[in-house]
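What follows is a single structure, written as C-alpha coordinates, with notes after it.
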Amino acid sequence: MPTSEGVLVVDDKFARDAPEIMAKVKSVSDKPIRYVLNTHQHGDHTGGNEAMISGGAQTIIHRNARANMVEGKMPGLPQITFADEAQVFLGGKEVQAHHIGRGHTNGDSVIYFPAEHVLHTGDLFVNGGAPFIDYSAHGSIVEWDKTIENALKYDFDTVIPGHGPVGKKADLVKWRQTLAMLRTKAKAACAGGAEDAIKRLDLKELGMTPSPLFERSMPAMCAELK
(Lines give C-alpha, C1' and ligand atoms only; values in the text may rest on other atoms or scores of the structure.)
Protein backbone atom coordinates (compact mmCIF):
# COMPACT_ATOMS: atom_id res chain seq x y z
CA MET A 1 0.00 0.00 0.00
CA PRO A 2 1.63 3.29 -1.08
CA THR A 3 1.32 6.36 1.14
CA SER A 4 2.87 9.82 1.25
CA GLU A 5 5.31 8.64 3.94
CA GLY A 6 6.30 5.28 2.51
CA VAL A 7 5.02 1.90 1.40
CA LEU A 8 3.56 -0.99 3.39
CA VAL A 9 3.87 -4.51 1.96
CA VAL A 10 1.99 -7.65 2.99
CA ASP A 11 4.27 -10.71 2.62
CA ASP A 12 7.29 -10.81 0.32
CA LYS A 13 7.32 -14.27 -1.29
CA PHE A 14 10.62 -16.15 -1.69
CA ALA A 15 14.04 -14.48 -1.39
CA ARG A 16 14.51 -14.72 -5.15
CA ASP A 17 11.34 -12.64 -5.67
CA ALA A 18 12.50 -9.64 -3.60
CA PRO A 19 14.07 -7.69 -6.52
CA GLU A 20 10.88 -8.05 -8.56
CA ILE A 21 8.74 -6.92 -5.62
CA MET A 22 10.94 -3.89 -5.06
CA ALA A 23 10.79 -3.03 -8.77
CA LYS A 24 6.99 -3.21 -8.73
CA VAL A 25 6.85 -0.99 -5.66
CA LYS A 26 9.08 1.57 -7.40
CA SER A 27 6.71 1.54 -10.38
CA VAL A 28 3.90 2.90 -8.18
CA SER A 29 5.77 4.92 -5.56
CA ASP A 30 9.09 6.72 -5.18
CA LYS A 31 8.88 6.23 -1.40
CA PRO A 32 10.76 3.47 0.47
CA ILE A 33 9.19 0.29 1.85
CA ARG A 34 8.67 1.16 5.51
CA TYR A 35 6.80 -1.88 6.83
CA VAL A 36 6.31 -5.53 5.89
CA LEU A 37 3.44 -7.40 7.56
CA ASN A 38 3.91 -11.17 7.39
CA THR A 39 0.70 -13.22 7.51
CA HIS A 40 2.61 -16.28 8.78
CA GLN A 41 6.08 -17.80 8.76
CA HIS A 42 6.31 -19.92 5.60
CA GLY A 43 9.18 -19.13 3.27
CA ASP A 44 6.95 -18.25 0.31
CA HIS A 45 5.62 -15.38 2.45
CA THR A 46 8.71 -14.34 4.46
CA GLY A 47 11.58 -15.21 2.11
CA GLY A 48 12.07 -11.60 1.05
CA ASN A 49 12.30 -10.33 4.64
CA GLU A 50 16.10 -10.15 4.69
CA ALA A 51 16.16 -7.94 1.61
CA MET A 52 13.37 -5.75 2.95
CA ILE A 53 15.08 -5.35 6.33
CA SER A 54 18.37 -4.52 4.60
CA GLY A 55 16.50 -1.80 2.74
CA GLY A 56 15.31 -0.25 6.00
CA ALA A 57 11.86 -1.82 6.40
CA GLN A 58 10.49 -3.00 9.73
CA THR A 59 8.86 -6.44 9.66
CA ILE A 60 5.90 -7.42 11.83
CA ILE A 61 4.48 -10.89 12.54
CA HIS A 62 2.44 -12.73 15.17
CA ARG A 63 4.60 -13.96 18.02
CA ASN A 64 3.74 -17.63 17.39
CA ALA A 65 4.82 -17.30 13.77
CA ARG A 66 8.14 -15.74 14.77
CA ALA A 67 8.68 -18.56 17.29
CA ASN A 68 8.04 -21.03 14.46
CA MET A 69 10.66 -19.23 12.36
CA VAL A 70 13.18 -19.40 15.21
CA GLU A 71 12.49 -23.11 15.67
CA GLY A 72 12.93 -23.69 11.95
CA LYS A 73 16.12 -21.56 11.87
CA MET A 74 14.59 -19.46 9.12
CA PRO A 75 16.22 -16.23 7.88
CA GLY A 76 14.65 -12.77 7.98
CA LEU A 77 13.28 -12.86 11.51
CA PRO A 78 10.81 -9.99 11.99
CA GLN A 79 11.81 -7.29 14.47
CA ILE A 80 8.30 -6.72 15.85
CA THR A 81 5.69 -9.21 17.11
CA PHE A 82 2.18 -8.90 18.53
CA ALA A 83 -0.18 -11.11 20.50
CA ASP A 84 -3.72 -10.28 19.33
CA GLU A 85 -3.54 -7.26 17.05
CA ALA A 86 -1.25 -4.55 15.73
CA GLN A 87 -1.97 -1.28 13.99
CA VAL A 88 0.28 0.60 11.60
CA PHE A 89 -0.40 4.25 10.78
CA LEU A 90 1.51 5.61 7.82
CA GLY A 91 0.86 8.64 5.65
CA GLY A 92 -2.65 9.09 7.00
CA LYS A 93 -3.60 5.48 6.34
CA GLU A 94 -4.31 2.67 8.80
CA VAL A 95 -3.56 -1.02 8.45
CA GLN A 96 -4.46 -3.63 11.06
CA ALA A 97 -3.06 -7.11 11.70
CA HIS A 98 -5.26 -9.50 13.67
CA HIS A 99 -4.59 -12.97 15.05
CA ILE A 100 -8.04 -14.53 15.19
CA GLY A 101 -7.34 -18.24 15.75
CA ARG A 102 -5.58 -21.32 14.45
CA GLY A 103 -5.95 -22.81 11.00
CA HIS A 104 -3.14 -23.08 8.49
CA THR A 105 -0.71 -22.61 11.43
CA ASN A 106 -0.93 -21.29 14.99
CA GLY A 107 0.47 -17.91 13.95
CA ASP A 108 -1.77 -16.82 11.08
CA SER A 109 -2.80 -13.18 10.81
CA VAL A 110 -5.35 -11.43 8.65
CA ILE A 111 -4.39 -7.96 7.46
CA TYR A 112 -7.26 -5.50 7.34
CA PHE A 113 -7.39 -2.26 5.38
CA PRO A 114 -10.46 -0.56 6.95
CA ALA A 115 -10.71 2.47 4.65
CA GLU A 116 -10.38 0.28 1.55
CA HIS A 117 -12.70 -2.49 2.85
CA VAL A 118 -10.06 -5.10 1.95
CA LEU A 119 -8.97 -8.17 3.93
CA HIS A 120 -5.76 -10.10 3.22
CA THR A 121 -6.06 -13.60 4.68
CA GLY A 122 -2.67 -15.12 3.95
CA ASP A 123 -2.99 -18.89 3.64
CA LEU A 124 -6.06 -19.04 5.87
CA PHE A 125 -7.79 -18.83 2.48
CA VAL A 126 -6.49 -20.41 -0.71
CA ASN A 127 -8.79 -19.68 -3.61
CA GLY A 128 -9.17 -22.82 -5.73
CA GLY A 129 -6.81 -25.20 -3.93
CA ALA A 130 -6.83 -27.61 -1.02
CA PRO A 131 -5.77 -26.27 2.38
CA PHE A 132 -2.42 -27.19 3.90
CA ILE A 133 -2.77 -27.80 7.62
CA ASP A 134 0.78 -27.36 8.87
CA TYR A 135 0.82 -29.50 11.98
CA SER A 136 4.53 -28.84 12.48
CA ALA A 137 3.41 -25.24 13.11
CA HIS A 138 0.41 -26.36 15.22
CA GLY A 139 -2.28 -25.81 12.58
CA SER A 140 -5.79 -27.17 13.08
CA ILE A 141 -8.55 -28.43 10.78
CA VAL A 142 -10.87 -28.52 13.83
CA GLU A 143 -10.54 -24.80 14.52
CA TRP A 144 -9.95 -23.44 11.00
CA ASP A 145 -13.55 -22.71 9.96
CA LYS A 146 -14.18 -21.01 13.32
CA THR A 147 -11.18 -18.78 12.60
CA ILE A 148 -12.66 -17.88 9.21
CA GLU A 149 -15.94 -17.09 10.96
CA ASN A 150 -14.02 -14.55 13.05
CA ALA A 151 -12.52 -13.06 9.88
CA LEU A 152 -15.98 -12.58 8.39
CA LYS A 153 -16.88 -10.16 11.20
CA TYR A 154 -14.75 -7.44 9.56
CA ASP A 155 -16.32 -4.96 7.17
CA PHE A 156 -14.75 -5.80 3.80
CA ASP A 157 -15.81 -6.35 0.22
CA THR A 158 -12.59 -7.69 -1.32
CA VAL A 159 -10.52 -10.60 0.00
CA ILE A 160 -6.92 -11.31 -1.01
CA PRO A 161 -6.06 -14.99 -0.52
CA GLY A 162 -2.63 -16.42 0.18
CA HIS A 163 -2.83 -18.20 -3.18
CA GLY A 164 -5.27 -17.91 -6.06
CA PRO A 165 -7.27 -15.04 -7.52
CA VAL A 166 -8.58 -12.09 -5.52
CA GLY A 167 -12.16 -12.70 -4.44
CA LYS A 168 -15.17 -11.23 -2.69
CA LYS A 169 -16.54 -11.71 0.81
CA ALA A 170 -18.94 -14.35 -0.54
CA ASP A 171 -15.94 -16.44 -1.58
CA LEU A 172 -14.67 -16.46 1.99
CA VAL A 173 -18.14 -17.42 3.25
CA LYS A 174 -18.08 -20.38 0.85
CA TRP A 175 -14.55 -21.30 1.96
CA ARG A 176 -15.69 -21.50 5.59
CA GLN A 177 -18.50 -23.84 4.58
CA THR A 178 -16.12 -25.93 2.48
CA LEU A 179 -13.68 -26.29 5.38
CA ALA A 180 -16.49 -27.56 7.63
CA MET A 181 -17.51 -30.06 4.95
CA LEU A 182 -13.90 -31.12 4.49
CA ARG A 183 -13.55 -31.79 8.20
CA THR A 184 -16.66 -33.99 8.19
CA LYS A 185 -15.51 -35.94 5.12
CA ALA A 186 -11.95 -36.26 6.44
CA LYS A 187 -13.20 -37.65 9.74
CA ALA A 188 -15.19 -40.30 7.88
CA ALA A 189 -12.18 -41.15 5.70
CA CYS A 190 -9.91 -41.38 8.75
CA ALA A 191 -12.28 -43.80 10.44
CA GLY A 192 -11.03 -46.50 8.07
CA GLY A 193 -7.42 -45.88 9.09
CA ALA A 194 -5.05 -42.95 8.73
CA GLU A 195 -2.57 -44.76 6.52
CA ASP A 196 -4.75 -44.79 3.42
CA ALA A 197 -7.38 -42.22 4.41
CA ILE A 198 -6.40 -39.95 1.54
CA LYS A 199 -7.62 -42.61 -0.92
CA ARG A 200 -11.12 -42.42 0.58
CA LEU A 201 -11.33 -38.63 0.44
CA ASP A 202 -12.59 -37.10 -2.80
CA LEU A 203 -11.45 -33.48 -2.78
CA LYS A 204 -12.98 -32.85 -6.19
CA GLU A 205 -16.41 -33.14 -4.57
CA LEU A 206 -15.48 -30.02 -2.62
CA GLY A 207 -14.16 -28.18 -5.66
CA MET A 208 -10.56 -28.58 -4.45
CA THR A 209 -7.49 -29.60 -6.38
CA PRO A 210 -5.45 -32.24 -4.49
CA SER A 211 -1.94 -31.21 -3.49
CA PRO A 212 1.12 -33.00 -2.05
CA LEU A 213 1.04 -30.63 0.95
CA PHE A 214 -2.53 -31.62 1.78
CA GLU A 215 -1.68 -35.31 1.45
CA ARG A 216 1.33 -34.79 3.73
CA SER A 217 -0.90 -33.35 6.46
CA MET A 218 -3.47 -36.18 6.28
CA PRO A 219 -2.01 -38.50 8.99
CA ALA A 220 -1.78 -35.66 11.51
CA MET A 221 -5.26 -34.51 10.52
CA CYS A 222 -6.61 -37.98 11.30
CA ALA A 223 -4.89 -37.84 14.69
CA GLU A 224 -6.51 -34.47 15.44
CA LEU A 225 -9.93 -35.73 14.33
CA LYS A 226 -9.71 -39.00 16.29
Side-chain angles (χ1 to χ4, degrees), residues 1-116 118-126 132 134 136-139 147 151 154 159-163 166:
M1 182 179 73
T3 79
S4 60
E5 295 179 358
V7 177
L8 183 145
V9 171
V10 178
D11 291 342
D12 46 35
K13 300 178 76 173
F14 290 109
R16 63 176 179 267
D17 299 305
E20 180 185 358
I21 292 171
M22 290 176 171
K24 285 186 176 180
V25 168
K26 286 181 180 178
S27 73
V28 297
S29 175
D30 60 355
K31 300 294 190 295
I33 297 173
R34 294 279 304 279
Y35 296 97
V36 176
L37 298 179
N38 293 139
T39 58
H40 63 292
Q41 84 274 2
H42 289 149
D44 58 334
H45 296 259
T46 62
N49 278 8
E50 279 192 315
M52 301 294 170
I53 292 168
S54 296
Q58 295 191 70
T59 49
I60 304 170
I61 202 169
H62 186 262
R63 62 185 182 185
N64 290 348
R66 191 182 191 279
N68 293 337
M69 290 183 74
V70 171
E71 186 176 350
K73 298 179 180 176
M74 296 174 66
L77 291 174
Q79 306 106 314
I80 302 169
T81 67
F82 64 95
D84 298 315
E85 66 177 55
Q87 294 169 288
V88 177
F89 297 91
L90 187 67
K93 296 188 177 183
E94 176 187 359
V95 181
Q96 303 172 5
H98 297 271
H99 175 65
I100 52 175
R102 290 196 301 158
H104 177 55
T105 72
N106 69 341
D108 300 298
S109 300
V110 295
I111 312 301
Y112 180 46
F113 301 83
E116 291 77 14
V118 172
L119 188 75
H120 194 312
T121 63
D123 285 357
L124 282 170
F125 174 37
V126 287
F132 169 39
D134 186 353
S136 70
H138 313 288
T147 298
Y154 295 100
V159 57
I160 302 172
H163 298 273
V166 172

Steps toward side chain to side chain contact (heavy atoms under 4.5 Å, CB included) verdict (F125, L119): CA-CA 11 Å; F125 174 37; L119 188 75; over 6 Å; no
CA sep, side-chain torsions, deciding dist, call: H163, D44, side chain to side chain contact (heavy atoms under 4.5 Å, CB included): CA-CA 10 Å; H163 298 273; D44 58 334; 3.2 Å; yes
Residue pair H138, N64: steps toward the side chain to side chain donor-acceptor pair (under 3.5 Å) verdict: CA-CA 10 Å; H138 313 288; N64 290 348; over 6 Å; no
Side chain to side chain donor-acceptor pair (under 3.5 Å) between T39 and D11, worked out: CA-CA 7 Å; T39 58; D11 291 342; 2.7 Å; yes
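Between the side chain of H120 and the main chain of P161, no donor-acceptor pair closer than 3.5 Å is present. Listed for the D134 side chain is no donor-acceptor partner under 3.5 Å among the backbone atoms of G139. The backbone N or O of I61 lies less than 3.5 Å from no partner atom in the side chain of R66, so there is not a single donor-acceptor pair.
Residue S4 comes nearest to G91 through the heavy atom pair OG-CA, 3.6 Å, listed as atom of the first residue, atom of the second, then distance. The minimum heavy-atom distance between T46 and M74, with the atom names listed, is OG1-CE, 3.7 Å. V118 and Y112 get closest at one heavy-atom pair: O-CD1, 3.4 Å. Contact record, A65 with G107: CB-O, 3.7 Å, taken as the closest heavy-atom pair. In this structure, P78 and M69 approach most closely via the heavy-atom pair CD-SD, 3.7 Å. What you find for R16 and P19 is that their closest heavy atoms are O-CD, 3.6 Å.
In this structure, OH on Y154 lies 10.0 Å from CD1 on I111, to the nearest 0.5 angstrom. Taking CG of L77 as the start and CD1 of I53 as the end, the distance is 7.5 Å to the nearest 0.5 Å. For the atom pair OG1 of T105 and CG of N68, the computed distance is 6.0 Å after rounding to the nearest 0.5 Å. We find the CG-CZ distance between L37 and F82 to be 8.0 Å, quoted to the nearest 0.5 Å. Here CE of M22 is found 5.5 Å from CD1 of I33. Values are rounded to the nearest 0.5 Å. Between D12 atom CG and E50 atom CD the span is 10.5 Å, to the nearest 0.5 Å.
Applying the side chain to side chain donor-acceptor pair (under 3.5 Å) test to every pair with at least one member in residues 80-96, sequence neighbours left out, gives these pairs: Q87-E94, E94-Q96, Q96-H98.
For the residue pair D123 and H45, a side-chain donor N or O sits within less than 3.5 Å of a side-chain acceptor on the partner.
Two residues are said to be in side-chain contact when any heavy atoms from C-beta on lie closer than 4.5 Å; M52 and I21 meet this criterion. Considering only heavy atoms from C-beta on, N49 comes within 4.5 Å of N38 through its side chain.
For Q79, the CD atom counts as densely surrounded, since its 6.0 Å shell holds more than 12 non-hydrogen atoms of other residues, nucleotides or ligands.
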